[in-house]
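As structure tokens, the structure follows; a few thoughts come after it.
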Amino acid sequence: IGIPLLMILWGGIKLIFGITRTRYVGVLFFNRWLVGLIICMYFGIKLGKSFRYPGNYQGSQKLELRSDTLIDLRIAANEKINKLYNTAKYVEIEDLKMYISNDNGDVFYGIPELRIEKAAGSEISLETIKMAKGKSAREADDRAKGTIYHYTTNSNSLVFDPFFKLPENDLWRVQQVNLLLEVPVGTYLHIDPDMDKVIDKDTDFGYDLAGKTWKMTETGLVEAAYPP
């Protein structure tokens with residue numbers, strides 16, 4: 001793009017100052033533009049190959065939470081993230097579920113997505129599905145597995161990290177983290193307002209879950225009071 005613009009600018013200068021035709025200038029600029037185009041195409045194709053194969057890593061964990069009491073779902077307190085929000089030193093790319101910032105030494109924060117569904121049995125479990133791209137299927141699987149995300153259980157609370165991160169020196173290759181929380185029928189959940197950041201908005205109640213108490217029924221979540 002730069003070379004054609006320079007040629008237009010050069011043509012304007014010649015018209016304004018009455019400069020006569022200068023030999024080889026056009027050929028010189030064209031050659032440089034062609035070389036730049038070839039270089040861009042080369043690196044574009046090379047970069048595209050690193051997104052060629054999808055990969056994933058899945059893990060499921062039984063949670064030591066009691067389904068006969070109210071379970072609190074909330075976001076972990078994170079001083080670094082709070083500072084990021086308060087200073088607004090970030091750019092949000094909603095379609096890619098990520099924030100970019102050069103503050104605090106980190107440049108990438110990925111947003112996990114949580115879905116809540118009815119469990120087939122009586123146990124509470126959380127499945128973590130990590131996804132990424134790579135030059136090969138194995139590279140993509142390894143990259144997905146290496147994506148860093150944490151959650152903890154505390155008493156009868158399930159506490160989620162607000163973001164996932166990439167390992168040091170890793171590159172962004174469309175990494176994603178999806179979470180599936182399965183709870184048995186009759187379980188009561190209180191979903192903290194801050195959970196709105198990670199709730200999957202594509203579900204039926206995605207925009208309404210945060211800040212309320214819900215009961216899992218045979219047909220899904222129903223808003224309810226606790227104790228009943």
Side-chain angles (χ1 to χ4, degrees), residues 54-82 84-85 92 94-99 109-132 141 144-165 174-228:
N56 69 83
Y57 173 80
Q58 299 185 29
S60 183
Q61 181 177 353
K62 176 185 173 182
L63 303 179
E64 299 298 327
L65 298 170
R66 292 176 53 188
S67 60
D68 59 346
T69 62
L70 181 67
I71 298 174
D72 183 40
L73 306 184
R74 54 190 172 87
I75 293 291
N78 189 305
E79 183 178 346
K80 181 183 292 188
I81 298 302
N82 289 338
L84 190 71
Y85 278 135
E92 180 180 4
E94 187 173 356
D95 290 343
L96 297 179
K97 306 170 190 174
M98 63 187 289
Y99 290 83
Y109 299 94
I111 307 170
E113 280 199 342
L114 171 69
R115 290 186 295 118
I116 304 172
E117 295 184 359
K118 182 186 71 172
S122 60
E123 296 181 345
I124 300 174
S125 64
L126 183 65
E127 184 177 8
T128 303
I129 305 102
K130 301 178 181 180
M131 294 174 285
D141 288 342
K145 184 177 181 179
T147 303
I148 302 168
Y149 183 72
H150 301 289
Y151 60 85
T152 60
T153 56
N154 180 14
S155 182
N156 224 41
S157 297
L158 179 55
V159 185
F160 298 89
D161 274 6
F163 294 97
F164 66 85
K165 295 171 62 177
V174 201
Q175 284 89 337
Q176 297 179 43
V177 172
N178 294 331
L179 306 167
L180 175 60
L181 176 64
E182 295 184 309
V183 299
V185 170
T187 304
Y188 284 85
L189 304 171
H190 176 73
I191 304 177
D192 192 81
D194 284 344
M195 288 291 295
D196 178 67
K197 297 181 178 66
V198 301
I199 294 289
D200 186 351
K201 303 302 189 298
D202 292 332
T203 58
D204 292 340
F205 300 99
Y207 286 94
D208 298 322
L209 291 177
K212 299 177 183 178
T213 299
W214 300 83
K215 179 183 179 180
M216 180 59 72
T217 69
E218 289 288 350
T219 57
L221 290 172
V222 174
E223 190 173 358
Y226 187 88

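Just so it is clear, the values below take in all heavy atoms, side chains as well, and ignore hydrogens, waters and symmetry mates. Here the structure is a predicted model, which is why all the values come from computation and not from measurement.
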Exercise. Within the side chain of Asn156, is there an N or O that forms a donor-acceptor pair under 3.5 Å with the backbone of Arg66?
Worked result: yes
Exercise. Between Ile75 and Asp194, which heavy-atom pair has the shortest distance, and what is it?
Worked result: CG1-O, 3.5 Å
Exercise. Are the side chains of Leu73 and Ile116 in touch, meaning some heavy atoms are under 4.5 Å apart?
Worked result: yes
For this session: Would you mind reporting whether Gln58 and Glu127 have side-chain heavy atoms less than 4.5 Å apart?
Result: yes
Exercise. From Asp196 CG over to Asp208 CG, what is the distance, rounded to the nearest 0.5 angstrom?
Worked result: 10.0 Å
Exercise. If every non-hydrogen atom of Phe164 is compared with every non-hydrogen atom of Gln175, which pair is closest and at what distance?
Worked result: CZ-O, 3.4 Å
Exercise. Going by atom types only, do Thr217 and Thr219 share a side-chain donor-acceptor pair under 3.5 Å?
Worked result: yes
Exercise. Which atom names give the shortest non-hydrogen contact between Ala76 and Pro162, and what distance separates them?
Worked result: O-CD, 4.1 Å
Exercise. Is the backbone N or O of Asp161 less than 3.5 Å from a side-chain atom of Tyr149, with the two atoms forming a donor-acceptor pair by type?
Worked result: yes
Exercise. Side chains of Glu64 and Lys62: closer than 4.5 Å at any heavy-atom pair?
Worked result: yes
Exercise. What distance do Thr213 atom OG1 and Glu223 atom CD have between them, rounded to the nearest 0.5 Å?
Worked result: 8.0 Å
For this session: Answer yes or no: is there a side-chain heavy-atom contact under 4.5 Å between Met131 and Asn178?
Result: yes
Exercise. Counting distance only, does the side-chain N/O of Lys215 pair as donor-acceptor with the main-chain N or O of Ala224 below 3.5 Å?
Worked result: no
Problem set entry | Point-to-point distance, once rounded to the nearest 0.5 Å, from CG of Asp141 to CG of Asn56 | 6.0 Å
Problem set entry | Exercise: identify the closest heavy-atom pair between Thr128 and Tyr151 | OG1-CE2, 4.0 Å
Seminar exercise, completed: When rounded to the nearest 0.5 Å, the distance separating CZ of Phe160 from CG of Leu126 is 5.5 Å
Problem set entry | N/O donor-acceptor pair under 3.5 Å between Trp214 side chain and Leu209 backbone | yes
For this session: Grab the two heavy atoms, one from Pro184 and one from Ile124, that are nearest each other, plus how far apart they are.
Result: CD-CG1, 3.6 Å
Exercise. Looking at CD of Glu113 and CD1 of Ile129, how far apart are the two atoms once the value is rounded to the nearest 0.5 Å?
Worked result: 11.0 Å
Seminar exercise, completed: Closest non-hydrogen contact found for Asp192 with Ala210 is O-CB, 3.7 Å
Problem set entry | Straight-line distance of Leu181 CG to Ile71 CD1, nearest 0.5 Å | 7.5 Å
